[in-house]
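Notes for the one structure printed next.
Only heavy atoms go into these numbers, but all of them, side chains included; no hydrogens, no water, no symmetry mates.
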Amino acid sequence: MTETKTKLRIRKAPKFLPFLITGGIAGLITGLILNAVAVDKSVGGASILGYLIGWSTAGGAAFGVVAALVVEWLFSRSAKEVVATKLKK
């Protein structure tokens, strides 16, 4: 039996999908609030609602991905190195 030693980095990695979904939902809620507050209903508020929901949801999802990248960068800075031994027959 032979042994091979290698160095590994262990870190916590965030899952991107929950950040993406949370950002999208926050953007959707922001779009609905903006529609309720800022849009004049006599000028065709339904079409503006669609644009507000679309753009704010996409912007929120993009913000969620950026937040996940920042969290991943922070966790990669605190990664620990360990020595692992691989056994071969």
Residues at least two apart in sequence or cross-chain that pass side chain to side chain contact (heavy atoms under 4.5 Å, CB included) with Leu8, listed by chain then number, are Thr6, Val82, Ala84
Salt bridge (Lys or Arg N to Asp or Glu O under 4.0 Å) pairs touching residues 47-65, sequence neighbours excluded, are none
In short, salt bridge (Lys or Arg N to Asp or Glu O under 4.0 Å) pairs touching residues 52-62 with sequence neighbours left out are none
Sorted by chain and number, sequence neighbours left out, side chain to side chain contact (heavy atoms under 4.5 Å, CB included) with Lys15 holds for Pro18
So the salt bridge (Lys or Arg N to Asp or Glu O under 4.0 Å) pairs with at least one residue in residues 51-65 (sequence neighbours excluded) are none
Taken in chain and number order and not counting sequence neighbours, the residues that satisfy side chain to side chain contact (heavy atoms under 4.5 Å, CB included) with Thr57 are Leu28, Ile53
Salt bridge (Lys or Arg N to Asp or Glu O under 4.0 Å) pairs touching residues 65-78, sequence neighbours excluded, are Arg11-Glu72
d(Asn35 CG, Thr30 OG1) to nearest 0.5 Å is 12.5 Å
Here the gap from Ile10 atom CD1 to Lys80 atom NZ, rounded to the nearest 0.5 Å, amounts to 10.0 Å
In short, Ser56 meets Gly27 closest at the heavy-atom pair OG-O, 2.7 Å
Test of understanding: clusters of I, L, V, M, F, W, Y form through side-chain heavy atoms closer than 4.5 Å, transitively. Do Phe63 and Leu69 belong to the same one?
no
Applying side chain to side chain contact (heavy atoms under 4.5 Å, CB included) to Leu20 and not counting sequence neighbours gives Leu17, Ala61, Val65
Grouping ILVMFWY residues whenever side-chain heavy atoms fall under 4.5 Å, the cluster of Phe75 otherwise contains Phe19, Val71
Discussion item. Using side chain to side chain contact (heavy atoms under 4.5 Å, CB included), reason through Leu32 and Leu52 one step at a time and then give a plain yes or no.
Written reply: CA-CA 8 Å; Leu32 290 172; Leu52 278 174; over 6 Å; no
